[in-house]
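Note that the numbering runs from 1 along the sequence shown for the chain.
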Amino acid sequence: MSDEWDFYFARVNDAVSSIFVDLGLRPDAPNEKRPWLLWVWVEMKAPRADGLSSGEEAPTLHEIEESLNSMIAPLCGAQLVGRITGPNRREFYFYGEEPGEFEATVQSAMQPFAGYSFDAGSTFQPDWEHYLELLYPSASNLQRMMNRRVLDSLEQQGDSHEIPRKVDHWLEFPSTEARAAARGTLEAIEFAVEAEYESEEPGAALPHSLVVSRVDAIDMHTISGITVELARLAAEHGGGYDGWESPVTKPS
């Protein structure tokens, strides 16, 4: 497993679910050495009213995950790639070299957890469809995850997110024409242009950068609305959004 695990919330089969996924696998997915999708669904015994996991049951669910991973990984040449929680169950997903005695191994791993109902199965999925299309976040959800990381870092330094402050944003474009077109739109919605520069990386796909700023609060709702809109604007011009930065701002 990589150290790039993170979570987000999304609707899965019309139910709000928490998805915890290894983002670090994305550059190498699909991994041709692990073409088998292996899954284990565990029914929770004490979920919250909304179907997500409770603090009461969290330690046991963590122990179940450790038990499954410690036995499935070596037997099937597998790695845990993500899990979905809700409604009222936790789903574990692995990709492995081959199923082997997978279902019997799940039975053994679950023996210490009497009273927990579970189901397990496997399917040949060399394209890693489940990881790429269900577990891995959409562009907007990925941006919200990145926003949360920045906000958590600022909070640790005493930042008060509701206080408006100057926030810098980075965007990248394939051409100077695309950058100029986006710049015009940004200026019309009161963003100030801080800088334009060109990448020194040979063959860069988006070599023309634009830095803009505006005074805004950075609470999760506000900053996510801004960044998703900036990402949409950049994409309209063939470019991409490359993140934001804010000074730590504390009450006077």
Side-chain angles (χ1 to χ4, degrees), residues 2-11 19 21-31 81-82 127-129 131-155 159 161 164-249:
S2 80
D3 58 359
E4 280 290 308
W5 283 82
D6 209 337
F7 75 94
Y8 65 101
F9 292 95
R11 296 195 73 85
I19 302 177
V21 60
D22 189 346
L23 301 175
L25 299 176
R26 179 63 183 88
D28 298 319
N31 183 341
V81 301
D127 58 1
W128 277 43
E129 177 183 352
Y131 174 80
L132 294 171
E133 297 186 12
L134 182 61
L135 294 172
Y136 197 81
S138 65
S140 58
N141 279 327
L142 184 60
Q143 182 58 56
R144 291 185 182 95
M145 294 165 78
M146 299 302 106
N147 292 344
R148 189 180 67 245
R149 292 183 182 184
V150 177
L151 292 175
D152 287 348
S153 176
L154 289 169
E155 184 176 7
D159 186 86
H161 302 336
R165 83 290 303 277
K166 178 185 170 187
V167 184
D168 292 324
H169 302 269
W170 279 258
L171 301 92
E172 300 174 328
F173 299 93
S175 67
T176 55
E177 293 80 7
R179 180 173 64 186
R183 182 179 64 230
T185 301
L186 290 165
E187 289 175 328
I189 54 176
E190 301 182 341
F191 280 92
V193 174
E194 297 290 336
E196 293 182 339
Y197 59 92
E198 319 307 319
S199 172
E200 297 180 358
E201 180 183 345
L206 301 173
H208 307 285
S209 294
L210 175 65
V211 185
V212 297
S213 69
R214 195 172 71 179
V215 174
D216 288 297
I218 59 166
D219 59 276
M220 188 61 169
H221 177 75
T222 300
I223 195 64
S224 290
I226 293 169
T227 57
V228 168
E229 182 62 21
L230 291 179
R232 183 198 61 77
L233 175 64
E236 281 184 359
H237 297 282
Y241 179 70
D242 197 35
W244 59 278
E245 184 177 85
S246 163
V248 175
T249 305

Residue list, salt bridge (charged side-chain N to carboxylate O under 4.0 Å, His left out) with [X], at least two apart or on another chain:
| X | result |
| --- | --- |
| Glu245 | none |
| Glu229 | Arg232 |
| Arg183 | Glu196 |
| Arg149 | Glu4, Asp6 |

Are Phe173 and Leu210 side-chain neighbours, meaning at least one heavy-atom pair lies under 4.5 Å? yes
If the threshold is 4.0 Å, N to carboxylate O, is there a salt bridge linking Arg148 and Glu155? no
Does anything in residues 167-176 form a salt bridge (charged side-chain N to carboxylate O under 4.0 Å, His left out)? List the pairs, not counting sequence neighbours. none
With Asn141, which residues qualify under side chain to side chain contact (heavy atoms under 4.5 Å, CB included), at least two apart? Tyr8, Ala10, Pro137, Ser138, Arg144
Can you name the side chain to side chain contact (heavy atoms under 4.5 Å, CB included) partners of Ala195, sequence neighbours left out? Val211
Quick check: does any side chain N or O of Tyr131 sit under 3.5 Å from a backbone N or O of Asp22, one acting as donor and the other as acceptor? yes
Backbone of Ser224 reached by a side-chain donor or acceptor of Thr227 within 3.5 Å: yes
With sequence neighbours excluded, what pairs up with [X] under the side chain to side chain donor-acceptor pair (under 3.5 Å) test?
| X | result |
| --- | --- |
| Thr222 | Asp219 |
| Asp216 | Arg214 |
| Trp244 | Asn147 |

Between Leu25 and Asn31, is a side-chain contact (heavy atoms from CB on, under 4.5 Å) present by the stated rule, with each step listed? CA-CA 9 Å; Leu25 299 176; Asn31 183 341; over 6 Å; no
Not counting sequence neighbours, list each pair that qualifies as a side-chain hydrogen bond (donor to acceptor under 3.5 Å, both in side chains) and has a residue in residues 201-212. Glu198-His208
Is there a side-chain contact (heavy atoms from CB on, under 4.5 Å) between Tyr136 and Leu142 once you walk through the steps? CA-CA 8 Å; Tyr136 197 81; Leu142 184 60; 3.9 Å; yes
What residue pairs, at least two apart or across chains, pass ring pair (Phe, Tyr, Trp, His ring centres under 6.0 Å) with a residue in residues 187-206? His169-Phe191
What are the two closest heavy atoms between Ser199 and Ala204, and how far apart are they? OG-CB, 3.8 Å
Heavy-atom pair of closest approach, residues Pro30 and Leu132: CD-CD1, 4.5 Å
